[in-house]
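A short write-up of the structure that comes next.
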Amino acid sequence: MSTERNRTNDMALRERAKSVIPNGMYGHQNAAILPSNFPQFFAKGEGSHLWDVDGNEYIDYICAYGPIVLGYQHPGVDRAIADAQDVGDCMNGPSEKMVELAELLVDITPWADWAWFAKNGTDATVYAASVARTSTGKGTILRAHNAYHGAAPTWITAGDMTQQADGTLEYEFNDLASVRSAIDAAEGDAAAIIVSAFRHDVGLDQEMPTVEFAQGVRDLCDANNIPLILDDVRGGFRLDLAGSWAPLGVDPDLSIYCKAIGNGQPISALMGRDSLSEAVAKTFATGSYWFTAAPMAAAYATITTLQETDGIARMDRIGNALRDGWQQVADSHGVGIRQTGPVSIPLMLFDGDDFSTRDVPRAYRFAAELADRGVYLHPVHNGFLSTALDDNDVAHTLEASDEAFAVVASEFGD
Ligand code: PMP
């Protein structure tokens, strides 16, 4: 398989960026933290494929870090966006699309009575914490150690991901006793428990919640009369259309969607129960672009397309084929791997690597070899599947992986 890749345009853009953008790039899409052959800049996406600014093509397993759930340039979503933009997108108030979308979300989410919209996941997690504080009159939000809910002062201090914010106390995911201890440590000031749909801390094996844990936090919220907040930003619309904890039979009081909800259009949603409507009324928040029509139309089209095409089952089928294939190929080269979490949000880590010391050479080598062969998979962050991926993509990926595992086996030979 050819590994010749031109990188001239990407390098030139990185140089230009350095003089007008702080450090050339920032945030989770900063390619400086990726293997050195990963592109920073992209030119085009179509279906399950992406092209960088040098015309190199990739089968995409990151999907813009989650938003692209139906594939790039999905005709139905793009038509909905264009139709909305043709008649008015950013106006003095929302279009009827807002009501239609809220009706659809409430309809597919049995426990929820209302939906509230913003732009990014962080807008909605921060607002959910504020609503919980307003409704309870308490201040402390209990959150899992290392769980990501957004880079905002509600969750972290001064942009330092290792510093938990004042007003939060930590528990360990899937450890009910630690949640009880955190409630005790709050000394009567607990305002809410926030949970991730599953544990997806970067660089660690993913972990699904146990039913016992999910039911246990639900019971603790009820016993303490505080809301249970489900942060479904990452899992939403890839696990279950009724919300990622629906299969566990545990309902939250507030839940947050972003990423996959609008197939790449900027929109997030907070959903909640009637009992929290009054707290919403008392907790002011707004944004210049929170009410634009096109992202709402895109979200409506995305969700209905997922419903009509059984999109989650499609992603599960492709995800299982990938997971089985990767395991087989890794075994054939004697490379030890661990694949964890939902198959539609895949993560493969390598035995012998250790993320706690940032010592992950096998994962970086594997991802770099895949990128050279036209497969874009992050070395240590979970991937995201789209419904646009097909059997040819999987076949090419496994062929490339066979060669990449061979490189890992010969380089690390352990
Ligand atoms: N919560 C979770 C679970 C997330 O994965 C993310 C984003 N990666 C956020 C919150 C924050 O979302 P956003 O980046 O859209 O603000």
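When a ligand or atom number is given, it counts from 1 through the structure's own listing order. FYI, the numbering just counts along the sequence from 1.
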_Axial cation check for F366 ring with R362, 6.0 Å and 45° limits_ = no
Can you list, pair by pair, the side-chain donor-acceptor contacts under 3.5 Å of residues 75-89, counting residues two or more places apart and other chains?
{"residue": "D89", "atom": "OD1", "partner": "A293", "partner atom": "N", "Å": "2.9"}
{"residue": "D89", "atom": "OD1", "partner": "A294", "partner atom": "N", "Å": "2.8"}

*Not counting sequence neighbours, list each pair that qualifies as a ring pair (Phe, Tyr, Trp, His ring centres under 6.0 Å) and has a residue in residues 271-325.*
W116-W290
*Would you say the ring centroid of Y61 lies under 6.0 angstrom from that of Y376?*
no
*Only counting residues at least two apart or in another chain, list the ones meeting side-chain contact (heavy atoms from CB on, under 4.5 Å) with T340.*
D205, Q206, L347
Ligand 1: protein N/O within less than 3.5 Å of ligand N/O:
{"residue": "ligand 1", "atom": "1 (N)", "partner": "Y148", "partner atom": "O", "Å": "3.3"}
{"residue": "ligand 1", "atom": "1 (N)", "partner": "D231", "partner atom": "OD1", "Å": "3.2"}
{"residue": "ligand 1", "atom": "1 (N)", "partner": "D231", "partner atom": "OD2", "Å": "2.6"}
{"residue": "ligand 1", "atom": "5 (O)", "partner": "R234", "partner atom": "NE", "Å": "2.9"}
{"residue": "ligand 1", "atom": "5 (O)", "partner": "R234", "partner atom": "NH2", "Å": "3.1"}
{"residue": "ligand 1", "atom": "8 (N)", "partner": "K259", "partner atom": "NZ", "Å": "3.2"}
{"residue": "ligand 1", "atom": "15 (O)", "partner": "G121", "partner atom": "N", "Å": "2.8"}
{"residue": "ligand 1", "atom": "16 (O)", "partner": "G121", "partner atom": "N", "Å": "3.3"}
{"residue": "ligand 1", "atom": "16 (O)", "partner": "T122", "partner atom": "N", "Å": "2.8"}
{"residue": "ligand 1", "atom": "16 (O)", "partner": "T122", "partner atom": "OG1", "Å": "2.4"}

*Over 60° means perpendicular and under 30° means parallel, so classify the ring planes of F42 and Y58, tilted if in between.*
perpendicular
